[in-house]
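Written out below as structure tokens is the structure these notes cover.
In what follows, chains are A, B, ... by sequence order, proteins preceding strands, each numbered from 1.
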There are 2 protein chains.
Amino acid sequence: MAADGKRVSTPAVTRVEDVDLGVLDDTLSFFIRALNLAVTRDLDARLEGMEVARGTGKITALFLIDRHPGIRPSVIAAAAMKDRSAMARILDDMERHGLIRREPDPEDGRVQALHLTEKGKKASQEVQAIVRQSRDFFHDISDEEYTQVIDLLRGLYWRIVKAHQAKGTKL
Amino acid sequence: MAADGKRVSTPAVTRVEDVDLGVLDDTLSFFIRALNLAVTRDLDARLEGMEVARGTGKITALFLIDRHPGIRPSVIAAAAMKDRSAMARILDDMERHGLIRREPDPEDGRVQALHLTEKGKKASQEVQAIVRQSRDFFHDISDEEYTQVIDLLRGLYWRIVKAHQAKGTKL
DNA sequence: CAAAATTGATTGACACTATCCACCATATTT
DNA sequence: AAATATGGTGGATAGTGTCAATCAATTTTG
């Protein structure tokens, strides 16, 4: 810091650990976006070769359909923070791989009721085991800290999800 | 929960807020990936029309070059958790927009020393103001909570960044 | 009840991303 | 001097996010 308390530019750095993040150091979105890349990479590596590998929405869809048979695409889209069209493509992919079935909802003709196939159920079980293990990626933080971050982020997550559906944000 | 303590599948849900996230509810990567989408959307809206809008690495590059003139691409890549080729493309874009200059590093012929142009410096100032405001996206959480999450995520961030450079992970 | 508006899902288009691999030039190690 | 490692580029490929348009079914409303 300079005498007036303002940060000044520092000489060229050669190693990452010498980098001063400046404004970004107090910016939540920066860390979320950076960690997103790391976490996604790790998850992709763990899912290597599986049908739900690569991409973000498939796992969410798989699990939610498993837990809520007959759930509709738009609900999954909202939970995954994607728009309906993005989710439709993911479901296309999963259907093509024989993981899910799209059935007409008896109550509402516009709606689809999603179900896992036998193959899908098996995949869901396998993937759940893998996802549980993904906590290892953060092996060097304590359970307390892990729980603490999750609790905070879960709060943010639900607030945003609910806000969007409340004012019908077209996501 | 069923009597044996195991969760069972619940009937089809129609609203997001009734969704049970199951395993995902205890999975940090799920929340990071979901929040990444929300946060990115918000940031894109705020940067609407600016030359660094859309995409994740430009802001990081802009700020780091501003703070560390002469910094090299690979260091920015590491800080942004991207690989070198991804960062090269971002720098291409910024150079095309006249925000940065790529100069040869006098010390090492393989290396580039990056600098902001006047236009780049101006952009950096404007964008910093916007990024600071992006805290508003989390308007309904207290400063204490905001600081708390950031502190935790910052720790994870640095651990991962350093681990990667330590064992030369090819990102 | 009929017309109008809304909703759920899909599709096409477009720009951007992440990853991997190969490549080149320059440094460093042996 | 030869082998190896490093920094940066470029191509290829698969995937993403967004927007607008479309279509059918449902709900609203006049």
Side-chain angles (χ1 to χ4, degrees), chain A residues 14-16 33-34 36-45 47-48 51-61 71-78 80-96 102-114 165 168-171, chain B residues 14-16 33-34 36-45 47-48 51-58 60 71-78 80-96 102-114 165 168-171:
Chain A
T14 303
R15 292 164 308 176
V16 212
R33 305 219 292 181
N36 170 57
L37 291 172
V39 148
T40 296
R41 227 162 352 229
D42 174 67
L43 225 38
D44 279 353
L47 295 170
E48 174 85 49
E51 263 151 339
V52 295
R54 300 223 191 83
T56 309
K58 288 173 214 161
I59 298 177
T60 307
I71 196 174
R72 38 168 85 174
S74 52
V75 172
I76 304 181
M81 301 236 191
K82 289 176 182 290
D83 81 348
R84 292 198 312 274
S85 71
M87 187 50 66
R89 279 180 250 269
I90 288 173
L91 295 174
D92 281 350
D93 186 74
M94 295 177 74
E95 193 176 36
R96 222 178 301 117
R102 280 160 151 146
E103 290 177 6
D105 184 303
E107 310 256 316
D108 186 331
R110 296 166 298 185
V111 173
Q112 292 181 355
L114 302 172
Q165 72 108 44
T169 314
K170 66 271 181 195
L171 256 200
Chain B
T14 303
R15 294 165 308 178
V16 213
R33 306 218 292 182
N36 171 59
L37 292 173
V39 147
T40 295
R41 216 147 19 214
D42 174 67
L43 224 39
D44 278 354
L47 295 170
E48 174 84 49
E51 263 152 338
V52 295
R54 301 219 192 84
T56 310
K58 288 173 213 161
T60 307
I71 196 174
R72 39 169 86 174
S74 52
V75 172
I76 304 181
M81 303 235 191
K82 287 175 182 295
D83 82 347
R84 293 198 312 273
S85 71
M87 188 49 66
R89 281 179 248 265
I90 288 173
L91 295 174
D92 281 350
D93 186 74
M94 296 177 74
E95 193 176 36
R96 223 179 299 117
R102 279 159 150 146
E103 290 177 6
D105 184 303
E107 310 256 315
D108 186 331
R110 295 166 299 184
V111 173
Q112 293 180 356
L114 302 172
Q165 72 108 45
T169 315
K170 65 275 184 192
L171 256 198

* Report the residues that fulfil side chain to side chain donor-acceptor pair (under 3.5 Å) with B:Arg54, sequence neighbours left out, ordered by chain and then residue number. => none
* Once you round it to whole Å, what is the distance between P of C:dA9 and CD of A:Glu95? -> 13 Å
* Provide, to the nearest angstrom, the distance between the CG atom belonging to A:Leu91 and the P atom belonging to C:dT11. => 11 Å
* Structure fact -> Taken to the nearest whole Å, CZ/B:Arg41 to P/D:dC19 is 9 Å
* Asked: If the sugar-phosphate is the primed atoms plus P, OP1 and OP2 and the base is the rest, what is the B/S/- string for nucleotides 21-30 of chain C, using protein heavy atoms under 4.0 Å?
  -> -----BS---
* A:Arg102 vs C:dT10: side-chain N/O to OP1/OP2 distance below 4.0 Å -> yes
* Asked: Are B:Arg72 and D:dG7 close enough that a side-chain N or O sits under 4.0 Å from OP1 or OP2?
  -> yes
* If you check the A:Arg89 side chain, which of D:dT9, D:dT16, D:dC19 turns out closest? -> D:dC19
Counting only pairs under 3.5 Å, give me each side-chain donor-acceptor contact of residues 104-111 of chain A, with atom names and distances, residues two or more places apart or in other chains.
{"residue": "A:Asp105", "atom": "OD1", "partner": "A:Glu107", "partner atom": "N", "Å": "2.5"}
{"residue": "A:Asp105", "atom": "OD1", "partner": "A:Asp108", "partner atom": "N", "Å": "3.2"}
{"residue": "A:Asp108", "atom": "OD1", "partner": "A:Arg110", "partner atom": "N", "Å": "2.9"}
{"residue": "A:Asp108", "atom": "OD1", "partner": "A:Arg110", "partner atom": "NE", "Å": "3.2"}
{"residue": "A:Asp108", "atom": "OD2", "partner": "A:Arg110", "partner atom": "NH2", "Å": "2.8"}

* To do: Using atom CG of B:Leu43 as one end and atom P of D:dG17 as the other, report the distance to the nearest whole Å.
  => 15 Å
* Asked: Does B:Lys82 make a side-chain N or O approach to OP1 or OP2 of C:dA18 shorter than 4.0 Å?
  -> yes
* Asked: Counting any heavy atom closer than 4.0 Å, what does B:Thr40 reach on the DNA or RNA strands: base, sugar-phosphate only, or nothing?
  -> nothing
* **Upstream residue (5' side of DNA chain D) when B:Asp92 and B:Leu37 are each assigned their closest nucleotide** => B:Asp92
